[in-house]
K.L.:
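Take a look at the following structure, please.
Both ligands and their constituent atoms are indexed starting at 1 by order of listing. All values derive from a computational prediction rather than experimental measurement.
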Amino acid sequence: MSVNANDNLSAVLYGINDLRLEQRPIPVPKDDQVLLQMEVVGICGSDVHYLVNGRIGPFVVTQPMVIGHEASGTVVKVGKNVTNLVPGDKVAIEPGVPCRLCNFCKSGDYHLCPDIFFCATPPDDGNLSRYYVHAADFCYKLPPNMDLEDGALMEPLSVGVHATKRGKVRVGDVVLILGAGPIGLVTLLSCKAMGASKIIVADMIETKLATAKELGALTLKIQPGQNEDEIIENIKKILGGDPNKTFDCTGAEQCVRIACKVTKSKGIVVLVGMGKMEQTLPLASAIIREVDIRGTFRYNNDYQTAIDMVASGKISVKPLITHHFKMEDTLKAFNTAKTQEGNPIKILIHANPNWTPS
Ligand code: 572
Ligand code: ZN
């Protein structure tokens with residue numbers, strides 16, 4: 001594998017609506033790192049949020065930051081302590097590298113490490129670049145039957161896999177998913193693979209529901225301003241009963257309220273979406289029926305599971321891929337994500353200069 005020493009084009013976010021393509025030095029891998037030729041980088045809602053608002057909660061873009069965290073690459077160089085990879089390997093990149101020293105890391109909850117490095121969460125640079133270095137043990141070799149586009153999709157799929165583990169989804173579960181955006185859809189794929197017998201996906205947008213239906217879900221269209229008890233009745237009617245597992249993938253207060261009320265006694269509500277910092281919820285309904293309300297945060301040791309599910313054919317992420325751009329057209333790609341023109345689900349940016357549309 002050769003490196004083009006003159007080209008490390010990178011997509012750098014300078015502030016609100018100020019995303020620039022510029023050259024950066026090619027980084028040198030440390031002993032436990034690999035240098036990657038970046039291949040495919042998906043656009044996540046958080047990337048768009050940073051572009052439009054310059055911040056997510058307390059995380060503020062105060063200095064130029066490379067964007068992108070849903071990525072795959074090809075190994076071009078390995079540090080001297082790296083044993084799991086060799087140049088030429090194609091990998092999915094888990095974007096969060098924890099400190100490995102704190103009590104969360106030591107007890108296995110490394111995704112909760114307060115000192116985690118996470119691509120494209122300020123101040124940490126992301127990986128929408130031609131070249132990028134990363135901890136070798138957070139790079140997962142792709143099997144021969146998976147391509148680099150699948151590799152980039154392992155990031156959102158890991159969010160779905162982790163959410164289903166938090167919801168203890170198992171054979172025969174009846175599942176409600178609120179929201180048919182990319183995270184709702186990866187949650188759907190994961191719940192199906194875990195053996196849920198019936199899954200209903202609710203959203204306000206018809207085109208999103210059409211995709212959920214293609215992926216095997218029952219669907220419910222919610223009307224803007226529709227009464228919450230009417231929505232609950234519709235969910236029960238379509239399912240022929242109550243869901244015992246509910247995933248809110250919207251963060252919207254009305255949806256979280258519905259989740260608390262509609263979930264079967266002794267069931268589990270998983271809050272995947274992040275909404276307002278404070279919400280008014282019918283908690284008594286959940287408390288007196290022993291409904292557990294659980295958070296979920298990114299993923300924790302889920303990448304290999306996500307890869308294995310795709311490699312074994314139990315999950316296909318291909319239907320989520322709707323748009324492709326070359327890196328030079330990054331601003332166009334982000335504009336499509338912002339405007340939602342053409343109803344994108346997953347927009348992929350190709351960082352390899354040799355990529356051509358098929
Ligand atoms: O793919 C990981 C990911 N995590 C998101 C959003 C999008 N993509 N999260 C929501 C925002 N939080 S955060 O804690 N933060 C900016 C660090 O508010 C992380 C999880
Ligand atoms: Zn993301």
Side-chain angles (χ1 to χ4, degrees), residues 11 13 16 38 40-63 65-72 92-99 104 109-128 132 134 138 140 149 151-166 179 181-187 189-190 247-252 255-256 270-279 294-303 305-307 317 320-321 333-334 337-338 344-349:
L13 182 61
I16 293 177
M38 293 305 296
V40 181
V41 184
I43 299 181
C44 167
S46 70
D47 297 319
V48 180
H49 205 278
Y50 282 121
L51 175 63
V52 172
N53 303 295
R55 68 185 302 155
I56 297 181
F59 294 88
V60 185
V61 181
T62 56
Q63 63 193 59
M65 175 185 82
V66 178
I67 203 97
H69 62 271
E70 299 183 357
S72 64
I93 305 163
E94 180 172 349
V97 182
C99 80
F104 290 107
D109 290 317
Y110 70 81
H111 60 317
L112 303 178
C113 168
D115 293 323
I116 195 166
F117 164 95
F118 199 93
C119 289
T121 291
D124 301 332
D125 277 331
N127 48 23
L128 182 46
Y132 168 73
H134 202 68
F138 281 79
Y140 299 80
E149 295 180 7
L153 267 290
M154 292 308 95
E155 202 278 347
L157 183 59
S158 295
V159 173
V161 168
H162 190 65
T164 57
K165 287 185 186 170
R166 293 286 293 154
I183 294 301
L185 296 177
V186 290
T187 303
L189 292 173
S190 304
F247 294 84
D248 174 62
C249 301
T250 69
C255 290
V256 184
V270 183
L271 303 179
V272 193
M274 283 247 306
K276 283 190 297 181
M277 289 300 281
E278 296 191 17
Q279 301 192 355
R294 318 187 92 197
T296 180
F297 191 67
R298 294 175 177 152
Y299 28 73
N300 170 27
N301 204 25
D302 297 301
Y303 251 70
T305 310
I307 291 171
V317 288
L320 306 186
I321 303 170
F334 271 86
K338 265 202 286 196
I345 303 172
K346 205 30 88 182
I347 299 172
L348 300 182
I349 298 176

K.L.:
Go through it in stages, so that I can follow the logic: the residues are Ile67 and Leu51, the test is side-chain contact (heavy atoms from CB on, under 4.5 Å), and I'd like the CA-CA distance, side-chain angles, deciding distance and then a yes or no.
P.N.:
CA-CA 9 Å; Ile67 203 97; Leu51 175 63; 5.6 Å; no

K.L.:
Provide the number and element of each atom of ligand 1 under 4.0 Å from a heavy atom of Thr121.
P.N.:
17 (C)

K.L.:
Considering only non-hydrogen protein atoms, determine which one is nearest to atom 7 (C) of ligand 1 and report residue, atom name and distance to 0.1 Å.
P.N.:
Cys44 SG, 3.3 Å

K.L.:
So His111 and Phe297, would you call those rings parallel, tilted or perpendicular, with 30° and 60° as cut-offs?
P.N.:
tilted

K.L.:
Tyr110 pairs by ring-ring contact (aromatic ring centres under 6.0 Å, His included) with which of Phe117, Phe138, Phe104?
P.N.:
Phe138

K.L.:
At less than 4.0 angstrom from any non-hydrogen atom of His69, what atoms of ligand 1 do you find?
P.N.:
1 (O), 2 (C), 8 (N)

K.L.:
For ligand 1, which atoms have a heavy atom of Glu155 less than 4.0 angstrom away?
P.N.:
1 (O), 2 (C)

K.L.:
Using the Zn ion (ligand 2) as the apex, give the angle to atoms NE2 (His69) and SG (Cys44), rounded to 10 degrees.
P.N.:
110°

K.L.:
Using a 4.0 Å heavy-atom threshold (strictly under), name the region of Glu70 that reaches ligand 1: side chain, backbone, both or neither.
P.N.:
neither

K.L.:
Nearest protein heavy atom to atom 9 (N) of ligand 1: under 4.0 Å?
P.N.:
no

K.L.:
Could you state the interatomic distance from CG (Leu348) to CD1 (Ile321), rounded to the nearest 0.5 Å?
P.N.:
5.0 Å

K.L.:
Could you tell me which atoms of ligand 1, counted from 1 in the order shown, lie closer than 4.0 angstrom to a heavy atom of Ser46?
P.N.:
6 (C), 7 (C), 8 (N)

K.L.:
Can you pull out the closest protein heavy atom to atom 20 (C) of ligand 1? Residue, atom name and distance to 0.1 Å, please.
P.N.:
Phe297 CE1, 3.6 Å

K.L.:
I'd like to check which ligand 1 atoms, numbered from 1 as shown, lie under 4.0 Å from a non-hydrogen atom of Tyr50.
P.N.:
16 (C)

K.L.:
For the atom pair OG (Ser190) and NZ (Lys165), what is the distance rounded to the nearest 0.5 Å?
P.N.:
10.0 Å

K.L.:
When rounded to the nearest 0.5 angstrom, what distance separates CE in Met38 from NE2 in His134?
P.N.:
9.0 Å

K.L.:
Considering all heavy atoms of both residues, which atom of His69 and which atom of Ala120 are nearest to each other, and what is their separation?
P.N.:
ND1-CB, 4.4 Å

K.L.:
Output the list of atoms in ligand 1 that are nearer than 4.0 Å to some heavy atom of Ile56, sorted by atom number.
P.N.:
16 (C), 18 (O)

K.L.:
Measure from atom 5 (C) of ligand 1 to the protein's non-hydrogen atoms and state whether any distance is below 4.0 Å.
P.N.:
no

K.L.:
To the closest 0.5 Å, what do you measure between SG (Cys119) and CG (Asp125)?
P.N.:
8.5 Å

